[in-house]
Amino acid sequence: MSPRTLLRAVMAVSAVTLLAACNASAKGPAAQNASGPALVLITPSPVGVNDFLKLAVQGIEDSAKKHNGTQKVYQSTDPASIQQNLAAAVREKPAVIVAVGFNFADAIAAEAERNPGQKFLFVDSCTTKPFPNVTCAVFREHEGSYLAGAEAGLLSKSGKVGAVVVLDAPQFRRYSIPFGQGAEKAKPGTTLAPLFIGGANPFNDPARAKALAATLAGQGVDHVMGAASAAGNLGVFEAAKQGGFFAFGVDANQCPASPGQVVDNVIKRTNVVIGDGVDAILGGKTGETKSYGVKEKGISLTGLEPDAATSQCVVASHPDVLAKVGELRDQIISDAIVVDDPAKS
């Protein structure tokens, strides 16, 4: 093979490799005859069956349609591809780059500093240092966990609830501590037992999540909050089915994954915060951090949604429980109840 032919081959392989890493796609009616802003979404992992990321894609598509713009989605696979995708998006100079997940914190900080004219919307986390071109949208997951815990307390027969959480870190304790507090509020005397996955791959370890959930069941826990990522929660649900106890999901409606075992879900409406954030940035408001809880309709429970009856969630057949939890939600909205944030304690 001649040097020139070899060079061409190397360049071709490099181009294919870069395209595979970025996995970008532009789709939807907004991409046709659009005269509005270009929007780019970067995910920390492949969208696949991840309902949280599906909502993010819906959010960017809705925003592009609303503003008669175009949208593109870059799906990352690992830390290296996150940086590659972010750099590729910056080179395109879109009106807004949206990144979802705490995994982006360092990369966005670096790109925001190097490219002060580029506008970023950082969803579900924020950079340690504020930047005038980085707008952050964060969730008060602890409010939803508190309400889910209240359901668990009202439904528990053992008076023991538990949580299987990816990491023992402030951000993720939002799913365990408030869950126990909500359960104790609804039924005084209810106790919480949290366990954490940890290890080298906590976000994709269904086997360990299943084992930890089974351990809690062996201790008499009959309701388990599964904050073990999309993959890990499948392990929690499998353990619940085999062990005859109940589980709770996160981010989106996971009840269809295990009908009869999943009580409810703490929903994070990624599509809502992306729509709000893009609107704000295009309207000239940047560099702010907005927090979304039940009051802003960024956090909710599947059981409190209008379509709860068809959700396949266990709680849908307990209208008395939903009525009481709805009252607690209203008290949070009115600030009569303030759920402490474990990430700030």
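Everything quoted here is computed from the prediction, not taken from an experiment. One is the number of the first residue; the rest follow in order along the sequence.
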Nearest atoms (heavy-atom pairs only) where [X] meets [Y]:
X      : Y      : answer
Phe172 : Leu167 : CB-O, 3.4 Å
Val161 : Ala183 : CG2-CB, 4.1 Å
Leu322 : Ala316 : CD1-CA, 4.3 Å
Phe131 : Ala109 : CZ-O, 3.6 Å
Pro44  : Leu53  : CD-CD2, 3.9 Å
Val221 : Gly162 : CG1-N, 3.4 Å

For Lys241, does the NZ atom sit with more than 12 other heavy atoms under 6.0 Å from it, leaving out its own atoms?
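At most 12 heavy atoms, drawn from other residues, nucleotides or ligands, come within 6.0 Å of this atom.
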Return yes when atom NZ of Lys295 has more than 12 non-hydrogen atoms of other residues, nucleotides or ligands closer than 6.0 Å, and no otherwise.
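Correct, the count exceeds 12.
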Using 4.0 Å as the upper bound for N to carboxylate O, is an ion pair formed by [Y] and [X]?
X      : Y      : answer
Asp168 : Arg173 : yes
Glu327 : Lys324 : no
Asp279 : Lys66  : yes

Tell me, with the steps shown, if Leu195 and Val165 meet side chain to side chain contact (heavy atoms under 4.5 Å, CB included).
CA-CA 6 Å; Leu195 292 177; Val165 186; over 6 Å; no
Does a donor on one side chain sit under 3.5 Å from an acceptor on the other, for [X] and [Y]?
X      : Y      : value
Asn133 : Thr286 : no
Asp307 : Thr310 : no
Ser45  : Gln75  : no

Going by ring-ring contact (aromatic ring centres under 6.0 Å, His included), name the residues that satisfy it together with Phe179, two or more places apart in sequence or in a different chain.
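Expected list: Phe248.
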Residues two or more places apart in sequence or in another chain: which of them pass ring-ring contact (aromatic ring centres under 6.0 Å, His included) with Phe139?
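Phe139 satisfies ring-ring contact (aromatic ring centres under 6.0 Å, His included) with no residue once adjacent residues are dropped.
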Polar side-chain atom of [X] near backbone of [Y] as donor-acceptor pair, under 3.5 Å:
X      : Y      : answer
Thr270 : Ala56  : no
Asp222 : Ser156 : no
Gln261 : Ala240 : yes
Thr190 : Lys160 : no
Asp264 : Gly303 : yes
Asn233 : Val236 : no
Ser229 : Gly232 : yes
Asp341 : Ala343 : yes
Gln71  : Gly59  : no
Lys187 : Gly153 : yes

What residue pairs, at least two apart or across chains, pass salt bridge (Lys or Arg N to Asp or Glu O under 4.0 Å) with a residue in residues 134-158?
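Non-adjacent pairs meeting salt bridge (Lys or Arg N to Asp or Glu O under 4.0 Å): Arg140-Glu143, Arg140-Glu296, Glu141-Arg174, Glu141-Lys268.
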Roughly how far, to the nearest 0.5 Å, is the [atom2] atom of [Y] from the [atom1] atom of [X]?
X      : Y      : atom1 : atom2 : answer
Ile42  : Asn103 : CD1   : CG    : 12.0 Å
Met225 : Leu192 : CE    : CG    : 10.5 Å
Gln219 : Thr191 : CD    : OG1   : 9.5 Å
Ile82  : Thr77  : CD1   : OG1   : 8.5 Å
Ile97  : Tyr74  : CD1   : OH    : 9.0 Å
His318 : Leu155 : NE2   : CG    : 5.0 Å

Show every disulfide (SG to SG under 2.5 Å) that has at least one partner inside residues 81-196, sequence neighbours left out.
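Pairs touching residues 81-196 that pass the test: Cys126-Cys136.
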Please list all pairs meeting disulfide (SG to SG under 2.5 Å) that have one or both residues in residues 210-282, counting only residues at least two apart or in different chains.
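Listed once each, the pairs are Cys255-Cys313.
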Do [X] and [Y] make a side-chain contact, defined as non-hydrogen atoms from C-beta onward lying under 4.5 Å apart?
X      : Y      : result
Ile281 : Leu121 : yes
Val98  : Val123 : yes
Leu41  : Leu39  : no

Does Ser311 have any side-chain hydrogen bond (donor to acceptor under 3.5 Å, both in side chains) partners at least two apart in sequence or in another chain, and if so, which?
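Result, side-chain hydrogen bond (donor to acceptor under 3.5 Å, both in side chains) vs Ser311: none returned.
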With under 30° as parallel and over 60° as perpendicular, where do the rings of Phe104 and Phe122 fit, or are they tilted in between?
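Judged by the thresholds at 30° and 60°, the geometry between Phe104 and Phe122 is perpendicular.
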Yes or no on side chain to side chain contact (heavy atoms under 4.5 Å, CB included) for Glu111 and Gln83, after CA distance, side-chain angles and deciding distance?
CA-CA 9 Å; Glu111 292 292 351; Gln83 293 185 347; over 6 Å; no
Start with the C-alpha distance between Ile332 and Leu147, add both sets of side-chain angles, then the distance that settles side chain to side chain contact (heavy atoms under 4.5 Å, CB included), and finish with yes or no.
CA-CA 10 Å; Ile332 292 175; Leu147 294 175; 4.0 Å; yes
Test side chain to side chain contact (heavy atoms under 4.5 Å, CB included) on Glu92 and Lys72; report intermediate values, then the result.
CA-CA 11 Å; Glu92 294 183 18; Lys72 183 180 291 186; 3.2 Å; yes
